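Got a structure here, written out as structure tokens. Questions coming.
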Amino acid sequence: MDFRFTREQEEFRNEVRTFLEEELKQGSFQPRCDAWIEGYSPEFSRKLSRRGWIGLTWPREYGGGGKGHIDRLILTEELLRYGAPCAAHWFADRQVGPCLLAYGSEQQKREYLPRIIAAEMFFGLALSEPEAGSDLASLKTSATEKDDCFVLNGQKVWTSGAHHFTHCYVVARTDPQAPKHRGISEFVVDMKLPGITVRPLIDLTGERHFNEVFFDEVRVPRECLIGGKNRGWYQITVQLDYERSGMERVMGNYPLLDVLLKLVTSEKGGGWDSAPRAVVRHKLAELAVEFEVGRLLVYRVAAMLEGGRVPNYETAMAKLYATEYEQRLAQGAMEILGLYGQLSGGSRWSWWSGKALSTYLFCRGYTLMGGTSEILRNVIAMRGLGLPSK
């Protein structure tokens, strides 16, 4: 098996790195962890758009790049490696666009896809609800047909970036009498429509990127329905694979690993040694090896897509391993840094502006977002190993 990239792919990686190095020199961003969900910068997204790096795999007829899935993974890997602020376009590029390509009408494709590519239309994901997190099919938000629209009522929670985004991808129940997996539909909802309220949720780090979103008699035009009415669950299960198997699941905190490796391999050692140097080096070597394993699991999914195969349990494997690795990385950083790691960015003694502490506090959610580890193990058991569901 040949794990090497093609010459064109290596050239593309170097092109992306050169661009990011120049942006760093110009001070257009500072590397940070989880920049794909917290680094909101429409200006940076538009820079990527001008280079054709949004919608890279989408058909050229809609303005996309017509490239392969490996090319897109190379791009996202380098963006995450540098901690670049990609949150503005991330969800639309990762899964809303592919969902529209697979199930959207021709009108929706021609209206929405070019605007996503141009970094003019930014999407949040309104999926989870207070009583329907991992069990998404238990959602209660309703969309009732009335005249020429659907009237949306309900509440969503944990909606990342809802206070920034122009539109939301909403999943709602359109047939309350149907079995819970069958009466669901998907919609594109303009966040400026009357009746939408966004309230902040402040996490343990003191930051806001999560939100509650309330829909009160929101009239959504009928043409905003994606695919078939009541077919939403079957469409969701496909696009969730895009959410679960991305490189962000293993590289969201790569800037933290990178800084730790550079400090430990430097002659001075950073001046914060709270554990024997050999123990620290061994721990970081272990984390570096585990990172490469997660990286290969993600590339395997991309290779399957490239070959026309549908990844199923493979996406669950990648997400399960990667998010648990991210938690081990955060824990390992705190063990290595000792008391310095517990200082926030407000302290003059804090390390790397307190980012290690923020990462540690936030990392508990990694194995909840995008599917819990328990749910993913069930997916692997049933779809991968063929074990019975009951």
Side-chain angles (χ1 to χ4, degrees), residues 12 16 36-37 40-76 79 85-127 150 159-162 164-172 185-193 220-229 231-232 234-248 302 305-306 308 310:
F12 179 53
V16 176
W36 65 278
I37 48 176
Y40 182 83
S41 173
E43 296 78 13
F44 186 81
S45 293
R46 282 189 277 271
K47 289 181 180 180
L48 298 182
S49 172
R50 288 193 288 270
R51 290 178 169 269
W53 292 349
I54 298 178
L56 190 67
T57 62
W58 303 355
R60 295 185 187 277
E61 62 181 298
Y62 303 115
K67 300 288 187 180
H69 292 280
I70 297 295
D71 295 289
R72 184 181 182 278
L73 196 52
I74 289 171
L75 171 64
T76 57
L79 291 170
C86 299
H89 70 274
W90 193 270
F91 300 112
D93 185 47
R94 181 183 70 183
Q95 66 198 93
V96 177
C99 175
L100 290 169
L101 283 168
Y103 304 110
S105 66
E106 189 62 27
Q107 176 185 346
Q108 289 173 336
K109 294 175 186 178
R110 297 200 178 278
E111 178 181 354
Y112 299 142
L113 297 180
R115 293 171 62 191
I116 292 173
I117 290 169
E120 298 173 353
M121 192 176 190
F122 305 124
F123 273 86
L125 306 176
L127 300 174
F150 288 86
T159 306
S160 299
H164 291 307
F165 295 133
T166 63
H167 291 74
C168 220
Y169 162 85
V170 179
V171 179
S185 301
E186 300 173 296
F187 299 89
V188 172
V189 177
D190 190 329
M191 292 298 286
K192 292 182 180 179
L193 289 176
V220 180
R222 189 179 297 272
E223 57 268 24
C224 293
L225 172 69
I226 303 174
K229 180 184 174 183
R231 295 289 300 173
Y234 307 99
Q235 299 170 189
I236 293 166
T237 54
V238 174
Q239 62 97 343
L240 281 178
D241 287 339
Y242 291 101
E243 177 180 354
R244 289 173 174 167
S245 61
M247 191 63 80
E248 67 273 18
L305 292 170
E306 197 95 312
V310 178

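What you see is a predicted model, and the numbers here were worked out from it, not measured in a lab.
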Report summary line: Interatomic distance, CZ@Arg50 vs CG@Leu48, rounded to 0.5 Å, equals 9.5 Å
Query raised in the report: Within a strict 4.5 Å, meaning less than it, do heavy atoms of the Ser185 and Phe150 side chains meet?
Result: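 No, their side chains stay 4.5 Å or more apart.
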Query raised in the report: Do any N or O atoms from the side chain of Glu223 and from the backbone of Gln108 form a donor-acceptor pair under 3.5 angstrom?
Result: no
Requested in this report: To the nearest 0.5 Å, tell me how far Trp58 CH2 sits from Asp93 CG.
Outcome: 5.5 Å
Query raised in the report: Would you say the side chain of Ile116 lies within less than 4.5 Å of the side chain of Met121, judging by non-hydrogen atoms?
Result: yes
Query raised in the report: Would you say the side-chain atoms of Glu306 pair up with the backbone N or O of His69, donor to acceptor, closer than 3.5 Å?
Result: yes
**Report entry** Exam field: side chain Thr159 to backbone Ala162, donor-acceptor pair closer than 3.5 Å
**Finding:**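 Pair absent, no side-chain N/O of Thr159 close to backbone of Ala162.
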Query - Spatial distance of atom OG (Ser41) from atom NE2 (His89) [nearest 0.5 Å] - result: 10.5 Å
Query - Leu56 vs Phe12 side-chain heavy atoms within contact, under 4.5 Å - result: yes
Requested in this report: List the atom of Pro114, the atom of Tyr62, and the distance in Å for their closest heavy-atom pair.
Outcome: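 The answer is CG-O, 3.7 Å.
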Query raised in the report: At what distance, to the nearest 0.5 angstrom, does CD1 of Ile74 lie from CE of Met247?
Result: 9.5 Å
Query raised in the report: Would a 4.5 Å heavy-atom cut-off, applied to side chains only, mark Val16 and Trp53 as touching?
Result: yes
Query raised in the report: Do Thr57 and Asp71 have side-chain heavy atoms sitting under 4.5 Å apart?
Result: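 They are not in side-chain contact.
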Query - Backbone N/O of His167 and side chain of Asp190: donor-acceptor pair under 3.5 Å - result: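 Here the side-chain-to-backbone pair does not exist.
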Query raised in the report: What distance do Phe187 atom CZ and Lys229 atom NZ have between them, rounded to the nearest 0.5 Å?
Result: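 Between Phe187 CZ and Lys229 NZ, I get 8.5 Å after rounding to 0.5 Å.
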Requested in this report: Check the pair Arg94 / Leu125 against side-chain contact (heavy atoms from CB on, under 4.5 Å), numbers first and verdict last.
Outcome: CA-CA 11 Å; Arg94 181 183 70 183; Leu125 306 176; 4.0 Å; yes
**Report entry** Thr166 side chain to Phe122 backbone, donor-acceptor under 3.5 Å
**Finding:** yes
Query raised in the report: To the nearest 0.5 Å, how far apart are CD1 in Ile37 and CD in Glu248?
Result: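 Separation between the atoms: 9.0 Å.
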Query raised in the report: Does the side chain of Val96 come within less than 4.5 Å of Tyr112's, by heavy atoms?
Result: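 When only atoms from C-beta onward are counted, Val96 and Tyr112 do not touch, as no gap falls below 4.5 Å.
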Report task. Under the salt bridge (Lys or Arg N to Asp or Glu O under 4.0 Å) rule, collect the residues that match up with Arg110, sequence neighbours excluded. Result ->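 Counting only residues at least two positions away or on another chain, Arg110 forms a salt bridge (Lys or Arg N to Asp or Glu O under 4.0 Å) with Glu61, Glu106.
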